[in-house]
There are 2 protein chains.
Amino acid sequence: MPADTAASAKFTPRQSAVLAEALRLLVEGGDKALTTSGLARAANCSKESLYKWFGDRDGLLAAMISFQQSKVRTADRSGERLSVEALRDHLEIFARDLLEVLAGDVSLALNRLAIGQSSRDGSKLGKLLLEHGRREIDRRARGLIEAGKRSGLLRFNDADDAYHTLYGLVVSDLHVRMLLGELGLKDNTAQAHKAVDAFLILHGTNKDSGEAPRASAAR
Amino acid sequence: MPADTAASAKFTPRQSAVLAEALRLLVEGGDKALTTSGLARAANCSKESLYKWFGDRDGLLAAMISFQQSKVRTADRSGERLSVEALRDHLEIFARDLLEVLAGDVSLALNRLAIGQSSRDGSKLGKLLLEHGRREIDRRARGLIEAGKRSGLLRFNDADDAYHTLYGLVVSDLHVRMLLGELGLKDNTAQAHKAVDAFLILHGTNKDSGEAPRASAAR
DNA sequence: CGGAATAGGTACCGTACGGTACGGTTCTTC
DNA sequence: GAAGAACCGTACCGTACGGTACCTATTCCG
């Protein structure tokens with residue numbers, strides 16, 4: 001994981017470094033390990049600066065989410081002309097990327113944090129995570145699906161429904177299992193392949209798009 | 001919600017009452033609201049008894065999970081002879097039950113609790129929830145799917161894969177969204193219907209099992 | 001050069017939690 | 001009916017956190 005990639009727009013380099021350290025602490029030890037004193041010690045800054053920059057602990061958590069998301073960028077290829085093979089490839093790449101993002105240390109830690117808070121803060125962090133965290137990946141998938149329809153390769157009434165179908169086929173209950181502490185898949189690529197196969201059977205227009213059943217060795 | 005249904009095997013009535021109160025506190029205010037002092041006050045018992053019965057706070061949490069699971073029973077109809085309509089009905093009922101269970105107050109609260117702890121306790125609670133919490137519902141689905149195959153109505157290579165496909169089609173990312181604080185679906189039945197349609201297209205043997213596309217008004 | 005802003009270090013405060021100890025009360029059991 | 005266990009209520013302890021205050025060091029800028 002690159003520690004100090006492109007600087008964020010909203011934070012000074014010093015603040016970014018502190019936020020990166022905060023994420024490290026959170027990933028290592030969960031929200032109990034992310035104390036203001038501990039962060040100040042680990043990041044060589046003062047608690048007073050933390051409160052000046054972020055207001056209070058909740059502000060810090062929100063800043064961490066915003067900071068992490070500023071580091072996520074996805075390529076958008078929705079403009080391309082799609083062949084059926086290209087669509088399948090792009091869908092599989094999307095599915096694999098999705099699985100990898102969801103299985104990432106930082107993503108899991110932030111989701112755990114927001115879920116833990118959601119029962120008492122009116123799910124402010126949860127909203128943040130849903131609205132800003134998934135926007136990029138949602139937009140990418142949405143673009144891909146719409147492009148597939150425009151190219152006559154996919155058929156569906158509601159793009160939302162189709163996207164959620166794809167998401168369900170790719171992820172199933174894996175995200176929750178990982179949030180609960182279970183290890184991820186051994187082979188994301190195989191899972192992505194199977195999910196896209198099923199998705200194309202459901203929503204593809206190419207009638208021979210269903211492949212032979214796989215050896216099914218993913219889980 | 002029936003407060004005091006069948007008594008558990010592992011807990012005395014008094015302990016069950018305390019655990020029920022603990023669940024109520026947890027649902028109301030999240031894990032911050034579930035303090036030993038608060039529980040003792042709310043349940044009219046002494047902290048000393050809590051520690052005598054459950055060892056420590058983690059023991060109490062584990063007992064809450066175990067207690068809640070002892071109240072969940074599912075009907076098992078896997079012995080029946082299945083027609084295609086009966087299979088579809090049973091699958092839809094299963095899907096609807098699954099959505100309702102996942103959206104339940106107590107289920108969400110316990111999952112949030114276990115997820116919050118999973119980053120620091122080696123996911124002991126998470127394992128508990130996964131291994132014991134889903135066993136019943138998993139067994140029911142597994143039985144249904146296997147019965148469908150025996151009756152020649154479903155085809156698949158791996159029952160696990162098929163089950164996860166069904167699960168993904170039914171739930172998609174809804175569980176995580178609800179854990180993050182979002183409201184559930186407006187119409188679980190419509191979602192169940194759509195998911196089972198898709199599942200039967202993928203794994204049914206009856207070639208005309210795919211129905212006309214629905215009006216898609218679930219979400 | 002000098003003052004103001006910025007930020008690090010540390011000490012401190014109030015609070016609330018998990019866990020323990022103890023005296024009094026009810027319930028069982030012989 | 002008495003001995004004893006189970007249990008309630010409460011008070012208590014140590015700890016650790018969030019948040020604040022104060023003081024110093026560095027940097028920036030006129």
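Since the structure is predicted, the reported quantities are computational estimates derived from the model, not experimental observations. Residue numbers begin at 1 in each chain, while the letters A, B, ... track the order of the sequences.
- Here the nucleotide nearest the side chain of B:Arg14, chosen from C:dA7, D:dA6, D:dC8, is D:dC8.
- The side chain of A:Tyr51 has D:dT20 as its nearest neighbour among C:dG18, D:dT20, D:dC8.
- A perpendicular orientation is assigned to the rings of B:Tyr167 and B:Tyr163, their planes being inclined by more than 60° (bins at 30° and 60°).
- With D:dG9, C:dG18, C:dG9 as the candidates, the nucleotide lying closest to the side chain of B:Thr35 is C:dG18.
- A donor-acceptor pair is defined here as one N or O able to donate and one able to accept, closer than 3.5 Å; such a pair exists between the side chain of A:Gln15 and the backbone of A:Thr12.
- Judged by closest nucleotide on DNA chain D, A:Arg41 is the one of A:Gly55 and A:Arg41 placed further toward the 5' end.
- Here the nucleotide nearest the side chain of A:Trp53, chosen from C:dG19, C:dG8, C:dC17, is C:dG8.
- For B:Lys47, taking side-chain heavy atoms from C-beta onward, the closest of the listed nucleotides C:dT20, D:dC8, D:dG19 is C:dT20.
- Rounded to whole angstrom, the span from the CG atom of B:Leu50 across to the P atom of D:dA6 amounts to 16 Å.
- A close approach under 4.0 Å does not occur between any side-chain nitrogen or oxygen of B:Ser46 and OP1 or OP2 of D:dC7.
- A 4.5 Å side-chain heavy-atom check between B:Thr35 and B:Leu25 finds every atom pair outside the cut-off.
- In this structure, the NZ atom of B:Lys32 is 12 Å from the C1' atom of C:dG18, given to the nearest Å.
- Within the 4.5 Å cutoff, the side chain of B:Phe11 has no heavy atoms near those of the B:Val18 side chain.
- Residue A:Asp31 contributes atom CG, which lies 10 Å from atom P of D:dG18 at whole-angstrom precision.
- Protein atom CZ of A:Arg57 is 13 Å distant from nucleotide atom C1' of D:dA16, rounded to whole Å.
- The nearest whole Å value for the distance from the CG atom in B:Leu61 to the P atom in C:dC17 is 15 Å.
- With C:dA7, D:dG18, D:dG9 as the candidates, the nucleotide lying closest to the side chain of B:Glu48 is D:dG9.
- No cation-pi contact links A:Lys10 to A:Phe67, judged by a cut-off of 6.0 Å to the six-membered ring centre and 45° from its axis.
- Between C:dG19 and B:Thr36, no contact under 4.0 Å exists linking OP1 or OP2 to a side-chain N or O.
- Using a 4.0 Å heavy-atom criterion, one finds that A:Lys52 contacts no nucleic acid atom at all.
- Counting to the nearest Å, the P atom of D:dG18 and the CZ atom of A:Arg120 are 12 Å from each other.
- Distance CG (A:Leu60) to C1' (D:dC17): 14 Å, rounded to an integer number of Å.
- Rounded to an integer number of Å, the gap from CG of A:Leu25 to P of D:dC17 is 12 Å.
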